[in-house]
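So the structure is just underneath, and the comments pick up after that.
A note on names: the letters A, B, ... follow the listed sequences, proteins ahead of strands, and every chain is numbered from 1.
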Amino acid sequence: MLKRTVYCGELRAEHEGREVVLCGWVHKTRDMGHLVFVDVRDREGLAQIVFQSDRPELVEEAKKLRNEFVVGVRGLVRRRSAVNKDLPTGEVEVEAVELRVFAASKVPPFVIADPPQASEELRLKYRYLDLRRPKMQRHIRLRHEASLAVRNYMSRNGFLEIETPIMANPTPEGARDYLVPSRIHKGRFYALPQSPQQFKQTLMISGFDRYFQIVRCFRDEDLRADRQPEFTQIDIEMSFIEREEFFALNEGLMEAVFALTGRKLARPFPRLPYAEAMEKYGSDKPDLRVPLEMLDLTAVGRDGSSDVLKAAIAAGGELKGLLVPGAGTLSRSRLDKLGDKAKALGAKGLVWIRKQDGWKSSLKLADADFEKIWAALGGADADLALLVADKKATALKALGEIRRTWPMEDAARWANLEFCWVTDFPLFEWSEEEKRFVSMHHPFTSPHEDDMGLLETSPGKVRAKAYDLILNGVEVGGGSIRIHDMALQRRVFRSLGLADSETEEKFGYFLEALSYGAPPHGGIAFGFDRLVMLLAGEESIREVIPFPKTTSALDLMTGSPSAVSDRQLDDLGLKLK
RNA sequence: GGGGUCGUAGUUCAGUUGGUUAGAACGCCGGCCUGUCACGCCGGAGGUCGCGAGUUCGAGUCUCGUCGGCCCCGCCA
């Protein structure tokens, strides 16, 4: 057995004259006849091996090598006659004196190279080959380094990493659970945790004070570029905290993580109340790199000349405006496309206004109205104004989406890291489906002190001590100050329309635990996959998860999920419908 | 659950208004080549056009269904 003495990617000029052994995969061969070059790849990079005519039997062996063969090579490191500047190892090469083929390989379905010349479908089916690509190797390593940075930072700050059960109880609120049938107790089920929420709060009650965990969570909902059915959280909980102090701790964590890519963060991160975020950006996760803000123009519309706007406002709607500087020259077809987008998001229409040789607009308005709108938005001649009159939420969403996806020309700004804390979320939101209020965050979130009186009278107006951490329009974390008083916890459950008996059944142990001296506490959970995605500059978490699932929750490599035998079902007391 | 988009050689794609033998590049195979690194040159093999129905004299192309990839809405305490 040839034992590796150095990684291919670590070969440097300083190794000149030494005998080394490299182990790795054949990346590429260049056969010159009496001279053969072979690039060998391992997890650190590429090295060039040269087989030359003073060892004709070795040259013959080398000619038989094909891509992705696994080889060991013993040889002498020497300087190249011509340096390859594109390769970190490009100053040297290894003159082979011994070659061992550990394993041959079939011709791979795609060439292992960056960028891959293969569809994502094929990459996922042959993930073990895709993961050989240098870029994927970097991503997986970055993931490791990020988890190390988290563990070091948290430990340094007095937090203990504590494991919690993967087989837990189903959660009545929130996402759909993945269920695990119990063989011993037929007809009963464990659920994979959507998060370790109750366990980490229980740990606070147990006195562990500062807890964290890098932990897998499971939610049986539809997938997206940033959502997988199983994902990893950095879960944190802490007792005796105040919000600001806790924010600072978490900002420090982000600092430690982003230091991995040499990025410095501006601290403290801006704080943005939920209501303001919605008003200005039409989103609870605004991308602050986009320098556009919405404005309310309802008063202008109500008193104005347009029956269309008046009718929309009279029906309980609002008029929202977005000024886009310098976009006054946009073509009609582009404007129409924006209108289509607004309609796709549920708005009845999109009004555009520009000021070139007089007012131009998709809606007839009196000049006085144009003047008022323009003044309110602070428009200049080259600008474009976009307006939506509709139900408030619809108008904000439609314009907010146009804002979010506005093509940014300022590349430097696009490279910024714009963090912000979105705070003061509503405690509840109305569920049309269930005809009741449901928790916007989760039912253990503490209401704002000032709004306690509204819990029974107008639950929709109660603000929560909940917060999300947003980075460039991506929700990277969310948490809250929790309820640590049993009586208040019961009140919140009642506001959710849960009967005491029901609460007892579903949260019984936890309510009892709260009555044995629960410290004030709160916490947060970060989406670890999303953080690593942003660190890597990727737009899908699949790029930083070794074995992800497709948007239909299939694992194309293993074929999971799969059918099970009748025997297995029988053991569990289950029958398929 | 809904909308959009894609599916043609091993791979990435092209393929006109439905019309002869479905093309290109890369990869692969064989040959040549002593300094290549996107090696080069010569030659070659390789196709259930995702699957199933339908329309038609004739379907890669049109219609319907279905499976799969991706994006989005709903959903995601």
Checklist entry - A/E543 and A/H139: side-chain hydrogen bond (donor to acceptor under 3.5 Å, both in side chains), yes or no, with the steps? => result CA-CA 7 Å; A/E543 296 300 324; A/H139 287 175; 4.8 Å; no
Checklist entry - Checking side-chain hydrogen bond (donor to acceptor under 3.5 Å, both in side chains) for the pair A/Q213/A/T164: CA distance, chi angles, key distance, verdict? => result CA-CA 9 Å; A/Q213 187 181 189; A/T164 52; 3.1 Å; yes
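Each of A/E433, A/E434, A/E432 was evaluated against A/R436; a single residue qualifies, A/E434, per the salt bridge (charged side-chain N to carboxylate O under 4.0 Å, His left out) test.
A sub-4.0 Å separation between OP1 or OP2 of B/rG74 and a side-chain N or O of A/K397 is present. Contact annotation: A/R224 side-chain N/O to B/rC73 OP1/OP2 distance is under 4.0 Å. Side-chain nitrogen and oxygen atoms of A/S540 include none within less than 4.0 Å of the OP1 or OP2 phosphate oxygen of B/rC70.
Between B/rC49 and B/rG31, the distance separating the two C1' atoms is 33 Å to the nearest Å. Nucleotides B/rG7 and B/rU66, compared at atom C1', are 13 Å apart to the nearest Å. Atom C1' of B/rC67 sits at a distance of 16 Å from the matching atom of B/rU48, rounded to the whole Å. Of the C1' atoms belonging to B/rU12 and B/rG54, the separation is 32 Å, rounded to the nearest Å. One P atom belongs to B/rC72, the other to B/rA53, and the distance between them is 35 Å to the nearest Å. One C1' atom belongs to B/rG30, the other to B/rA14, and the distance between them is 29 Å to the nearest Å. When the P atom is used for both B/rA22 and B/rC64, the distance is 28 Å, rounded to whole Å. Nucleotides B/rU61 and B/rG50, compared at atom P, are 8 Å apart to the nearest Å.
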Checklist outcome for this item: With B for base contact, S for sugar-phosphate-only contact and - for none (protein heavy atoms under 4.0 Å), nucleotides 31-41 of chain B reads --BBBBB-B--
Item to check | Under 4.0 Å protein heavy-atom contacts per nucleotide of nucleotides 5-13 of chain B, with B for base, S for backbone only and - for none | outcome: -----SBS-
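The environment of A/K285 atom NZ is sparse: at most 12 non-hydrogen atoms of other residues, nucleotides or ligands sit within 6.0 angstrom.
B/rC76 atom P lies 15 Å from atom CG of A/D468, rounded to whole Å. In this structure, OH of A/Y126 is placed 16 Å from P of B/rG69, rounded to the nearest angstrom. Note: CD (A/E173) to P (B/rC75) measures 15 Å, nearest angstrom. To the nearest angstrom, C1' of B/rG1 lies 15 Å from CG of A/L223. Between the P atom of B/rC70 and the CD atom of A/E539 lies a distance of 15 Å, rounded to the nearest Å. Here B/rC73 presents its C1' atom at 12 Å from CZ of A/R404, a figure rounded to the nearest Å. Look at CZ on A/R123: it is 11 Å from P on B/rC70, rounded to the nearest Å. A straight line from CG of A/D222 to C1' of B/rC70 spans 14 Å, rounded to a whole angstrom.
Nearest-nucleotide assignment on RNA chain B puts the 5′-proximal partner with A/D226, out of A/R219 and A/D226.
Under the 3.5 Å distance criterion, with hydrogens and angles disregarded, no donor-acceptor pair is assigned to the side chains of A/H442 and A/E173. Side-chain atoms of A/Y274 and A/D468 form no donor-acceptor pair, as typed in the model, at a separation below 3.5 Å.
Residue pairs meeting the ring-ring contact (aromatic ring centres under 6.0 Å, His included) criterion with at least one member in residues 487-511 of chain A, sequence neighbours excluded: A/F444-A/F507, A/F444-A/F510, A/F493-A/F507. Screening residues 472-488 of chain A for salt bridge (charged side-chain N to carboxylate O under 4.0 Å, His left out), with sequence neighbours left out, gives A/E237-A/R482.
With both pairing distances under 3.5 Å, B/rG35 is matched to nothing as a Watson-Crick or G-U wobble pair. Pair assignment for B/rC51 gives B/rG65, based on Watson-Crick or G-U wobble hydrogen-bonding distances that are each under 3.5 Å. Across every strand in view, B/rA25 sits in a pair with B/rU11 that passes the Watson-Crick or G-U test at under 3.5 angstrom.
On a pure distance criterion of 3.5 Å, no polar donor-acceptor pair joins the side chain of A/N67 and the base of B/rG27. Between the side chain of A/R227 and the base of B/rC76 there is at least one donor-acceptor pair of N/O atoms closer than 3.5 Å.
The two residues A/P109 and A/L122 have their closest heavy-atom pair at O-CD2, 4.1 Å.
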Considering only distance and modelled atom types, tabulate donor-acceptor pairs under 3.5 Å from the side chains of residues 84-91 of chain A, sequence neighbours left out.
{"residue": "A/N84", "atom": "OD1", "partner": "A/D86", "partner atom": "N", "Å": "2.9"}
{"residue": "A/T89", "atom": "OG1", "partner": "A/L46", "partner atom": "O", "Å": "2.6"}
{"residue": "A/E91", "atom": "OE1", "partner": "A/R79", "partner atom": "NH1", "Å": "3.2"}

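Residue A/S195 is in base contact, counting any heavy-atom pair closer than 4.0 Å across all strands shown.
In this structure, A/Y178 has no ring-ring contact (aromatic ring centres under 6.0 Å, His included) partners at least two apart in sequence or on a different chain.
Distances from the side chain of A/E121 to the nucleotides B/rC76, B/rG68, B/rC29 place B/rG68 closest.
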